[in-house]
Novice: 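One structure is given below, represented as structure tokens, and several questions about it will come after.
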Amino acid sequence: MKKLKENEIIEKVLKVNKFKSLNPVQKEAIKMGILDGESLVVSSPTSSGKTLLAEIAGLKTFKNRKKMVYLCPLVALAREKYDDFKEKYEKFGLKIALSVGNYDSADPWLSKYDWIICSNEKFDSLIRHEANWISEIGLIVADEIHLINDESRGPTLEILLTILKRILPKAQILALSATIKNAEDIGNWLRAKVLKSDFRPVPLFYGIFSKNKIKMFGREDYFLREDLAPEEAIVENTILMKKQLIFFLSTRRNAEALAERLSKLVYHFLDEKEIKELEKISKEIERALPVPTEQCKRLANCVKGGTAFYHSGLLISQREKIEKAYKKGLIKVITSTPALAFGINLPNFRAVVRDVKRYIPGFGSVFLPVLEVQQMFGRSGRPQYDKWGEGILIAKSKQDESDLEEFYIKGEIEEISSKISNFSSLRMHSLSLISNRFSKTKIELINFLKGTFFGSKHEDFSLIEDEIERIIFLLEKWNFIKTKEVKENGGVIDKKLAPTILGKRVSQLYIDPLSANLLIEGLKNFKVANDFTILTLLAKTTELKPSPNLSAKDLIFVEEMIFKNEENFPFSIPDQFDEDYEEFLREAKMALIFLNWMEEKSEGEIFDNFKMTPGELHSRLEISDWLFYSILEIGKILNFEKELMKKIRKMRMRLYYGVKEELLNLVKLRGIGRIRARILFDSGFKNIKKLKKAKVEEIAKVLKSKALAEKIKKQIE
DNA sequence: GCAAGAATTCTTTAGACAGCATGTC
DNA sequence: CTAAAGAATTCTTGC
């Protein structure tokens, strides 16, 4: 009877996925007891069908009237899974929800759903908000769990899983990972069985380019034209095979330069229809902003020639267009920074890692880990189109060739390790653990940390204990927690830890306690401060790091600005010869960029003057908005003066919309942003009242849209 | 005397999660 | 403490 039910689930999953049978990895997982609630760590290549395991276990969990939480490292990935699951399983009565960042924060509504797809951070924040439905979880799927290895975002995932393990000891855990060396360690930590496999539905072959050939491992070599540069030769070879490829490069500039160079070559391989379609897309990409920036123009030009560069400085809309055009086969070559390696699902035939080194400040340029190069190769070989996929490295010399082979092809993948001992992440998570009452004393806190992956690997905890000591001291000094010594027989044996209301709120607001303190302390002197200096204060927070780079040209502007406002900084500014002076200049530059935005400088002007990219500015603005919101929330608790709250509220609005104060009223209207508000204002419609008096036709004339004018009128009434 | 091309020096360097309440050009 | 590509600048060379 039980077997029958299990088969039913498997049949169902296979059918909706249009598969005939389970692949070896999946069969093994069944054998290991995934349907019996057995926890598993699955370490296998991208596209080895790991998601399907989550679906099988998820259906079983549904049958048991429990919830599945599916944790993703990226919002884009979460959204993709959500769409996919919804399409496949909603018809069976499953309720599937997506809960990520700026989508919806209401927790209670999630209790009605069976499958909940989250980003790691979102779920962490849901725990901080003490969502009550968490107890109904029967299955936790953690996708791309090797993220634990990541310096900045790994600790969140690690702590999150440690918490879940503790509050849901009976829940099944399914940890999905790329191929890693020490999957057993993870299994050991999570008390889960380990399934290791290198199965791929489409085989992947490695190759090394040198001189005029690509030496392939396990396939016949390719011989290329000798009179072309390596990149060109590889591109020609690929296009002649009627395939596409992605280059991975170390910097944005390299990616842009190569795309531009290659577009001249690729253009000759395009047929008329493709040229026409690409021209259309090129125009769309160029028009992504009202005034195209230099970068937009360059990208548009590349696209015309059948190539595109891809990195985080692009606008989301541009990225999507490139992804779509690549999937359609219109764009033949994408040159990318590592942005594409992790996350976005862009299947292709051949991936070429040209730069196997990356610059790390303080370390110079270092070799990429094998794990990362594998990630870049990971999506090569599309099941529907290709019989195999290729991952290629470029050697610069004979020596280089054998080094690359030794290290990346024959070499072993690295172990992953915990990054939790990093002071700043420990600081943030300690406050959260204390706030949630998971750790009511210092010993409890340390014991909790012993339950992390770090703890499972390290016997010696003295380093962490020292750090915790310092963190407790700081958190108390900043008034985020209260402590009380526990004495026995006259000696101190432990320390009670309790959050203050402020500390609890800071933890919920998901900001670094250091930043929160910085803002609180700085704003005590708000009376001397002005817009620029408050923005500089904001730019000092960890959330807005790294600060933009300074060019010689910036230096003049920024120093002049600092000099003019010397008396108005709400914090003490470093001396010119101090070691942190340069960082201060960069923070001031960030503030100056924000100020320009608030002063209604055009985006193009800002990008050109400060060498900012559209993608960067938008993400910084979003973060600033969140910081301003946090200030207001903290202000409610600390009873900030009315004047200050008003000032912050105004600044928040102005920065959000990018407008001067006089437009704040207009911009509140739906359909009106900074550009249209300015047009209305300059045409005499200086406020809502004036708009009320005006006729629809008059407004329509100014905005060049009748529909819009009517929409506005409707809102006013 | 001048300009193209070579050599040298200078400059710069990947990514993207979170709160909250609704919509840009 | 480590590199390397591209841009900017200076130097060389050929006429």
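These figures come from a predicted structure and were not determined experimentally.
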Novice: Would you mind pulling out the nucleotide paired to B/dC17, Watson-Crick or G-U wobble, both distances under 3.5 Å?
Specialist: none
Novice: Find the partner of B/dT22: check Watson-Crick (N1-N3 plus N6-O4 or O6-N4) and G-U wobble (N1-O2, O6-N3) distances, both under 3.5 Å, and reply none if neither fits.
Specialist: none
Novice: May I ask you to say what A/Arg586 touches in the nucleic acid, namely base, sugar-phosphate or nothing, with a heavy-atom cut-off under 4.0 Å?
Specialist: nothing
Novice: Base, sugar-phosphate, or nothing for A/Asn120, non-hydrogen atoms under 4.0 angstrom?
Specialist: nothing
Novice: Checking base pairs now: Watson-Crick or wobble, both atom distances under 3.5 Å. What partners B/dT8?
Specialist: C/dA8
Novice: Can you tell me if A/Arg676 touches the phosphate of B/dC25, counting only side-chain N or O atoms and a distance under 4.0 Å to OP1 or OP2?
Specialist: yes
Novice: Classify A/Ser250 by what it touches in the nucleic acid, base, sugar-phosphate, or nothing, heavy-atom distance under 4.0 Å.
Specialist: sugar-phosphate
Novice: In whole angstrom, what separates A/Leu666's CG from B/dT24's P?
Specialist: 12 Å
Novice: Go through the N and O atoms of the side chain of A/Arg252 and the base of B/dA14, and report whether any donor-acceptor pair is under 3.5 Å.
Specialist: no
Novice: Mind checking if A/Thr337 touches a base, just sugar-phosphate, or nothing, with heavy atoms under 4.0 Å?
Specialist: sugar-phosphate
Novice: Out of B/dA14, B/dG15, B/dC25, which has the shortest distance to the side chain of A/Ser312?
Specialist: B/dG15
Novice: Within the 4.0 Å heavy-atom criterion, would you say A/Ile672 contacts the bases, only the backbone, or no part of the nucleic acid?
Specialist: sugar-phosphate
Novice: Measure CG/A/Asp355 against P/B/dA14 and give the value in whole Å, please.
Specialist: 11 Å
Novice: Is there a donor-acceptor contact under 3.5 Å from the side chain of A/Glu600 to the main chain of A/Lys660?
Specialist: yes
Novice: From C-beta outward on A/Arg354, which listed nucleotide comes closest to its side chain: B/dC17, B/dC25, C/dA5?
Specialist: C/dA5
Novice: More 5' along DNA chain B: A/Glu616 or A/Ala288, using each one's nearest nucleotide?
Specialist: A/Glu616
Novice: Would you mind reading off the distance between A/Lys636 atom NZ and B/dC20 atom P, rounded to a whole angstrom?
Specialist: 10 Å
Novice: Among the candidates B/dA18, B/dT24, B/dG19, find the nucleotide nearest to the side-chain atoms of A/His129.
Specialist: B/dG19
Novice: Is the terminal nitrogen or CZ of A/Arg252 (NZ for Lys, CZ for Arg) located under 6.0 angstrom from the six-membered ring centre of A/Phe309 and within 45° of that ring's axis?
Specialist: no
Novice: When you measure from the centre of the six-membered ring of A/Trp597, is the NZ or CZ of A/Arg654 closer than 6.0 Å and no more than 45° off the axis?
Specialist: no
Novice: In whole Å, I'd like the distance from the NZ atom of A/Lys357 to the C1' atom of B/dA14.
Specialist: 17 Å
Novice: Among B/dG15, B/dA18, C/dG6, which is the nearest nucleotide to the side chain of A/Val75?
Specialist: B/dA18
Novice: Starting at CD of A/Glu622 and ending at C1' of B/dC17, how long is that distance when rounded to a whole Å?
Specialist: 10 Å
Novice: Could you say whether A/His311 or A/Gln715 is positioned toward the 5' end of DNA chain B, judged by the nucleotide with the nearest heavy atom to each?
Specialist: A/His311
Novice: For A/Asp512, report the nucleic acid contact type (base, sugar-phosphate, nothing); a contact means any heavy atom under 4.0 Å.
Specialist: nothing
Novice: Which nucleotide in the list B/dG15, C/dG6, B/dA18 gets nearest to the side chain of A/Ala257?
Specialist: C/dG6
Novice: Ignoring backbone atoms, establish whether A/Lys711 has a side-chain N or O less than 4.0 Å from OP1 or OP2 of B/dG23.
Specialist: no
Novice: Of all the nucleotides listed (B/dG19, B/dA18, B/dG15), which has the minimum atom distance to the side chain of A/Glu121?
Specialist: B/dA18
Novice: Which part of the nucleic acid, if any, lies within reach of A/Gly671 when heavy atoms closer than 4.0 Å are counted: base, sugar-phosphate only, or nothing?
Specialist: sugar-phosphate
Novice: Measuring only the C1' atom in each nucleotide, how far is B/dA16 from C/dC1? A whole number of Å is fine.
Specialist: 30 Å
Novice: A/Glu414 side chain to A/Leu371 main-chain N or O, any donor-acceptor pair under 3.5 Å?
Specialist: yes
Novice: So which nucleotide from C/dA5, B/dA18, B/dG19 ends up closest to the side chain of A/Asn254?
Specialist: C/dA5
Novice: B/dA14 and C/dG6: how far apart are their P atoms, nearest whole angstrom?
Specialist: 13 Å
Novice: Look at the side chain of A/Ser683 and the backbone N and O of A/Ile679, then say whether any donor-acceptor pair between them is shorter than 3.5 Å.
Specialist: yes
Novice: Would you tell me if any nitrogen or oxygen in the side chain of A/Ser125 comes within less than 4.0 Å of OP1 or OP2 on B/dG19?
Specialist: yes
Novice: Answer yes or no: is there a donor N or O on one side and an acceptor on the other, between the side chain of A/Thr46 and the main chain of A/Arg379, under 3.5 Å?
Specialist: no
Novice: Without decimals, in angstroms, what is the distance between A/Arg253 CZ and C/dA8 C1'?
Specialist: 11 Å
Novice: Examine distances only and state if a side-chain atom of A/Glu158 and a backbone atom of A/Ile148 form a donor-acceptor pair shorter than 3.5 Å.
Specialist: no
Novice: When we call it a touch if two heavy atoms are under 4.0 Å apart, what does A/Leu160 touch: a base, just sugar-phosphate, or nothing?
Specialist: nothing
Novice: If pairing requires Watson-Crick or G-U wobble contacts with both distances under 3.5 Å, which nucleotide is the partner of C/dC15?
Specialist: B/dG1
Novice: What's the closest nucleotide to the A/Arg505 side chain, out of B/dC20, B/dC25, C/dA5?
Specialist: B/dC20
Novice: Can you check whether A/Ser119 has a side-chain N or O nearer than 4.0 Å to OP1 or OP2 of B/dA18?
Specialist: yes
Novice: What is the distance, to the nearest angstrom, from the CG atom on A/Leu663 to the P atom on B/dC25?
Specialist: 11 Å
Novice: Which part of the nucleic acid does A/Arg128 contact within heavy-atom distance under 4.0 Å: base, sugar-phosphate only, or nothing?
Specialist: nothing
Novice: Under a 4.0 Å threshold between the charged nitrogen and the carboxylate oxygen, would A/Arg153 count as salt-bridged to A/Glu121?
Specialist: yes
Novice: Write down the distance between NZ (A/Lys545) and P (B/dG15), rounded to a whole number of angstrom.
Specialist: 19 Å
Novice: Considering every strand and a 4.0 Å limit on heavy-atom distances, what is the contact class for A/Thr156: base, sugar-phosphate, or nothing?
Specialist: nothing
Novice: Please tell me if A/Arg319 has a side-chain N or O lying less than 4.0 Å from either OP1 or OP2 of B/dA16.
Specialist: yes
